[in-house]
Undergrad: 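Before I ask anything, let me first share the structure, which is written out below as structure tokens.
Proteins come first, then strands; the chains are lettered A, B, ... in the order of their sequence lines, and each starts at number 1.
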Amino acid sequence: MMKKILNGRVVENIEIADKVYRLVVNAPEAVRDYVPGRFVNVYLKDKSLLLPRPVSISETNGENMALIYGVVGKGTSEIAQYDMGDRIRISTPLGNGYQIGSLLQKMKRDHAMQDGAKAGVIGLVGGGIGVPPLLGLAKAIRKMQREAADDDKSNLEFRNLKTVAVLGFQREPFLEEELKEYCDEVLIATDEGNFGFHGNVLDLIGQNQIHADGYFACGPKPMLKALSTYCRERQIPVQISMEERMGCGYGACVGCVCKTQEKTDEGIAVAAKKVCKDGPVFYGDEVIWDEE
Amino acid sequence: MMKKILNGRVVENIEIADKVYRLVVNAPEAVRDYVPGRFVNVYLKDKSLLLPRPVSISETNGENMALIYGVVGKGTSEIAQYDMGDRIRISTPLGNGYQIGSLLQKMKRDHAMQDGAKAGVIGLVGGGIGVPPLLGLAKAIRKMQREAADDDKSNLEFRNLKTVAVLGFQREPFLEEELKEYCDEVLIATDEGNFGFHGNVLDLIGQNQIHADGYFACGPKPMLKALSTYCRERQIPVQISMEERMGCGYGACVGCVCKTQEKTDEGIAVAAKKVCKDGPVFYGDEVIWDEE
Amino acid sequence: MDLRVTIAGITLNNPITTASGTFSARESSAFYNINELGAMITKGVSTIPWPGNPTPRIAEVYGGMINSIGLQNPGIDVFIKEELPFLEQFDTALIVNVAGRTVEEYCEVVEKLNDTKADMLEINISCPNIKEGGISFGTDPKMAAEVTKQVKTRSQKPILMKLTPNVGDVAEIARAVESEGADGISLINTLLGMRIDVHKKTPVLFNRMGGLSGPAVKPVAVRMVYQVRRAVTIPIVGMGGIMSGEDAVEFIMAGADAVSVGTAALVDPAAPVRIKKELIEYMKKNNFKTMKDIRDSFQDR
Amino acid sequence: MDLRVTIAGITLNNPITTASGTFSARESSAFYNINELGAMITKGVSTIPWPGNPTPRIAEVYGGMINSIGLQNPGIDVFIKEELPFLEQFDTALIVNVAGRTVEEYCEVVEKLNDTKADMLEINISCPNIKEGGISFGTDPKMAAEVTKQVKTRSQKPILMKLTPNVGDVAEIARAVESEGADGISLINTLLGMRIDVHKKTPVLFNRMGGLSGPAVKPVAVRMVYQVRRAVTIPIVGMGGIMSGEDAVEFIMAGADAVSVGTAALVDPAAPVRIKKELIEYMKKNNFKTMKDIRDSFQDR
Ligand SMILES: Cc1cc2nc3c(=O)[nH]c(=O)nc-3n(C[C@H](O)[C@H](O)[C@H](O)COP(=O)(O)OP(=O)(O)OC[C@H]3O[C@@H](n4cnc5c(N)ncnc54)[C@H](O)[C@@H]3O)c2cc1C
Ligand SMILES: Cc1cc2nc3c(=O)[nH]c(=O)nc-3n(C[C@H](O)[C@H](O)[C@H](O)COP(=O)(O)OP(=O)(O)OC[C@H]3O[C@@H](n4cnc5c(N)ncnc54)[C@H](O)[C@@H]3O)c2cc1C
Ligand SMILES: Cc1cc2nc3c(=O)[nH]c(=O)nc-3n(C[C@H](O)[C@H](O)[C@H](O)COP(=O)(O)O)c2cc1C
Ligand SMILES: Cc1cc2nc3c(=O)[nH]c(=O)nc-3n(C[C@H](O)[C@H](O)[C@H](O)COP(=O)(O)O)c2cc1C
Ligand code: FES
Ligand code: FES
């Protein structure tokens, strides 16, 4: 498949929370290849900053994609300056997104939905600037549910799914309303306790006895590690979106690796996979965490 | 005297000849220190280009300065993109400009105007992108002439001056009309012969028997060298504006030197003067040309 | 117009190659047609699989980047089995970059490549990111000569020795590898650099130091190519910060026979073919027909 | 907040100094108040007047510049007579940079400075732009040690030895000058670089090569300061591409006691005082009270 760097047009670029912006880009060519969890490279104008900035696609419609980003350094500060109508250089979507079908398969195999009638619960766990890609994911799951409801025979499991979003923020939540549209339940935790549950998402999951049968997650590494451990202990499948400092973003430089393990016929194969190309989404039990 | 880097506003930026632009900047603070022949440093936005671009001030009014520049490389290409209302980072005027009084003194001392009644002729010689600063210079001379006419007693010599501009271009003249307003005569030469005299300014001076009693000049080094030789042979004073690759533009880096000689009590003192600070205007017989 | 250049008996269709470690045939071919390249130069390959260094491995700096990949690679056997067949499908020269921690390791890899369709080898004696070998061979003329000598004995392919800029006198190293029969020289590898994150108050890279590349290093690279051109007669593959066709011309004028595009391919994945196009435009504007025309036009001061 | 730092017994009001060759008290004082500086470091001065190199002496490159000034200066006698009185009026430390082509030349200049109010001397054994002396002293540990030893015998002022980055192992040179009694080390001087004008088809600089400086060299400079800090115990004045207060912090974390601002003063004439302001802002934000607080906060990997 050919990939491309292309010029999109800025449709909107507004601050939706403190130092968090929602950038909508008109780029039909790039929207076509969208799968929830994939990201684009944003190439900057400042010539002192050569490397692209990877940003997850939060959601798309037929023509536009929304990127939600936190302003943390020079690159994201530049992006925050873009005005409606400006050009923005982006790549077509990169990486492998969330694989909803695969997680559902594992859920079935594992312990949840042996009985087709029993409702399975999917947890969508997001931390801070990791929340945005969950929006597109929630929309995709809801769409599958709708299609399954229309088609009586196939995808039985989708009809009996419940989705719970568990979102953690430092102090100011965002995307809560949007996610409520597509999830059956949305729970919020804040580190400072000023909104929703006082604590982190793992505490909130325990407190609320979520008991999801499978998880999708995106957020800071410590959160992903804690959730992966939680899931491994309970033998629940979890797909997590990893973040790593990137060079190229498309698999050429081997800069962004993540240590992984895989069961093979000959035992456990350890590898250093590229987050940008083999990820950013991995199964929690694939990732070797000990280095953190 | 304190110097400054300040933000001017672009009032106008239009192409007045092929790849030659006239940029008008609103910067009252910088206009105050104007003397014809001084220049400003333009600091660029492109972060790969760190050094300022020196550009002569073509003319000023109370609030604005006009810079006329040729687009030759990345820096001037950037400047050509500036739109009305944009900010432009410039320094306050730098260098020593033309010293009209000093040239007139030399003309008197030399051979021209011993007889107060006889009209002296000043030649303004410009080559290509060296023409612009002559505009402000011609305006200043004309202003002095007017003031002398009003005041019967002083500055006798100004009343009897004639100014002839001799301008050389590759093929497309510019500023001809503007200079006609302030000069008694304007002659044009083009290398390609498509306009005015076919040849260079020196040939044109010879052909037209200009016989000026003093010259001011700005243009490419070979022209300045030829004019300086011409003037030395005839013992006519000439002030030339030198161009040299600059680092700082304000006298700190010693990057922009020009070899000069000066008669002192102990003989001839050779020095490497800073074009940006001791110049850019020098007397033609001060400059040592042999290195070219 | 004839863009061909011949290096150590191998004719490349044009002088544009990919710098080792910044090119992956599978990934890069998603952005451009590999057959447009003069040659592919592949990521360094060693005897056995190397895991590379812990992350972060990449730090961005003004006009460049610092990497401490640490030569992560699957080892020569997997390379020959799984990568080579994919690489062989292209109609462009193949230069395999070789890494090692000892002279013997270089030799083992080189021997295993004898029976492959690789056109040429590039021996990396200049990686700043591994503890043994790598750069230590490249900073000592005697060791550089020794690696060259041994590799030449064991290889049936032409050999480019890849030199490091982290030396006082690069011409001395160049003469040393030429004297032991190197077929060509490629330079520069990365300059040793470091960045500290003043907010996190710690080095950005896990390994603390890494290799600086990109436009920031170009003036050093051009200077070294110029110096080496005047020290040896074997061909030179020049690299270091080439971002445009005119940058490539600068290296050719300085004395390079071919050039490699590295960091630029991270900044613009299709950079190698864009740079080739820009090179052609430059040649048209200047009425140059061949690479030699560019070289001959250079007027040294 | 206490910005003071003590180097070789001399206390500077703050760690911001001007890099030699990019500062002229007369010209710089038109842009800012010189008394705001921790120290002035002056342009290199030699026994007799030096004319410098022919022009062009300046080439711009991506994120930096190359200079080949060639140490143009009026000689020590004129310096003492005409420049020193002007410099002495300021209420800030004065460090005089010294150039030479032979050990004896350094010593002559140094001796003549004994009776002046200079607080410290910086001995430039690293200029890439002169044929004899300069950089050749800085690339050989034995010669670097010899210059240090002789200069220390003849000078009554504390001595900083200014090192070149154009070496394989800068720590070795640092240890050499420390062992002969250098009171401190300043680094880095410029990296040897070159630019070719592909339109004019000739080197941009009359001298062909020159010294690369500016943000492009910062990663190399930070790395070298870090390496030297771990090799010697004497104070370090760090420089190379410092453009902002955070850049200064990076050098201090790497191990510098004070820093010099060079090329930045060409890009923004008031850079030294702006950088000082930014340093103060950074310290406020991080609740740092002293320079030591910055250094102590650094967590090496
Ligand atoms: C696959 C992927 C998807 C991402 N999606 C999003 C998203 O949807 N929204 C969002 O706000 N951010 C996202 N990020 C993080 C985003 O790329 C960085 O915040 C951004 O590159 C910072 O650029 P900067 O120039 O503003 O900051 P810098 O000045 O480069 O650095 C500021 C801080 O951010 C850290 N940082 C810089 N670059 C990266 C990087 N590439 N990855 C991780 N940390 C970095 C540095 O350690 C530093 O502390 C994603 C990262 C990855 C790898
Ligand atoms: C005192 C002074 C006054 C000047 N006044 C004017 C003016 O009024 N109008 C005008 O158009 N130009 C003027 N110039 C020249 C102007 O500074 C250069 O054309 C400009 O800096 C080129 O920048 P660039 O980035 O577009 O080109 P670059 O990409 O930097 O170079 C393009 C070409 O221009 C040459 N060049 C680059 N910088 C300089 C420089 N500083 N001096 C001389 N040549 C250079 C290079 O050799 C190269 O061949 C003046 C120069 C000086 C020193
Ligand atoms: C991410 C990265 C990985 C690299 N890996 C290798 C390598 O495996 N072997 C090698 O010889 N050089 C390697 N290099 C060095 C490049 O091939 C090249 O010499 C250097 O980057 C300078 O060129 P550039 O400025 O165009 O990138 C690597 C460079 C980068 C940026
Ligand atoms: C124009 C110029 C002139 C310089 N002259 C000298 C000098 O006379 N003596 C010296 O020791 N260093 C000299 N240097 C080197 C600087 O002092 C400094 O070490 C180097 O430029 C790196 O710092 P920077 O990147 O902040 O410029 C000069 C540098 C420049 C750019
Ligand atoms: S960022 Fe280059 S391989 Fe992932
Ligand atoms: S440009 Fe720096 S002294 Fe003139």
Undergrad: Against chain B, label D:Ser68 side chain, backbone, both or neither, depending on which of its atoms sit under 4.5 Å from a heavy atom there.
TA: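 Neither part; nothing is under 4.5 Å.
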Undergrad: Which atom names give the shortest non-hydrogen contact between B:Val257 and D:Gln72, and what distance separates them?
TA: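 Closest approach of B:Val257 to D:Gln72, heavy atoms only: CG1-OE1, 3.4 Å.
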Undergrad: Just how far is it from atom CZ of D:Arg26 to atom NZ of B:Lys277, taken to the nearest 0.5 Å?
TA: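 Spacing of CZ (D:Arg26) from NZ (B:Lys277) equals 7.0 Å.
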Undergrad: Sort B:Lys4 into side chain, backbone, both or neither according to what part of it lies under 4.5 angstrom from a heavy atom of chain D.
TA: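 When you check distances to chain D, only backbone atoms of B:Lys4 fall under 4.5 Å.
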Undergrad: Considering non-hydrogen atoms only, spot the tightest contact between D:Ile58 and B:Cys253 and give its length.
TA: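 Answer, listing the atom of D:Ile58 first, then B:Cys253: CD1-SG, 4.2 Å.
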Undergrad: What are the two closest heavy atoms between B:Gly251 and D:Ser24, and how far apart are they?
TA: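 Closest approach of B:Gly251 to D:Ser24, heavy atoms only: O-CB, 4.0 Å.
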Undergrad: Let me know if D:Ala265 has heavy atoms under 4.5 Å from chain B in its side chain, its backbone, both or neither.
TA: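 Both parts, backbone and side chain.
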Undergrad: Please find the pair of heavy atoms, one from D:Met65 and one from B:Leu51, that lie closest to each other, and give the distance.
TA: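 What the structure gives for the nearest pair is SD-CD2, 4.1 Å.
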Undergrad: Might you point out which heavy atoms bring D:Ile69 and B:Gly255 nearest each other, and give the distance in Å?
TA: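 Closest approach of D:Ile69 to B:Gly255: CD1-CA, 3.6 Å.
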Undergrad: Enter the distance from D:Phe206:CZ to B:Arg245:CZ here, rounded to the nearest 0.5 Å.
TA: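 Taking CZ in D:Phe206 and CZ in B:Arg245, the distance rounds to 13.5 Å.
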Undergrad: Could you grab the distance from atom CZ of B:Arg89 to atom CG of D:Asp268, nearest 0.5 Å is fine?
TA: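 If we round to the nearest 0.5 Å, B:Arg89:CZ and D:Asp268:CG are 6.0 Å apart.
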Undergrad: I'd like to know whether CZ of B:Arg87 has more than 12 heavy-atom contacts from other residues, nucleotides or ligands below 6.0 angstrom.
TA: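 Atom CZ in B:Arg87 is not packed in, count stays at 12 or less.
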Undergrad: Can you say whether D:Phe23 sits under 4.5 Å from chain B via the side chain, the backbone, both, or neither, judging by heavy atoms?
TA: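 Backbone only.
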Undergrad: Taking all non-hydrogen atoms of both residues, which atom of D:Thr55 and which atom of B:Glu244 are closest, and how far apart?
TA: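 Scanning both residues, the minimum pair turns out to be OG1-OE1, 3.1 Å.
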Undergrad: Examine whether an atom of B:Tyr43 lies under 4.5 Å from a heavy atom of chain D, and if so say whether it belongs to the side chain, the backbone or both; otherwise answer neither.
TA: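 Just its side chain gets close to chain D.
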Undergrad: How would you list, by chain and number, every residue that makes a side-chain hydrogen bond (donor to acceptor under 3.5 Å, both in side chains) with B:Arg32, sequence neighbours excluded?
TA: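 Result, side-chain hydrogen bond (donor to acceptor under 3.5 Å, both in side chains) vs B:Arg32: none returned.
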Undergrad: Between B:Leu49, B:Asn41, B:Leu50, B:Asp46, who has the most heavy-atom pairs with chain D when the cutoff is under 4.5 Å?
TA: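 Winner by heavy-atom pair count: B:Leu50.
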Undergrad: How long is the gap from CD on D:Glu60 to CG on B:Leu44, to the nearest 0.5 Å?
TA: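 Taking CD in D:Glu60 and CG in B:Leu44, the distance rounds to 7.5 Å.
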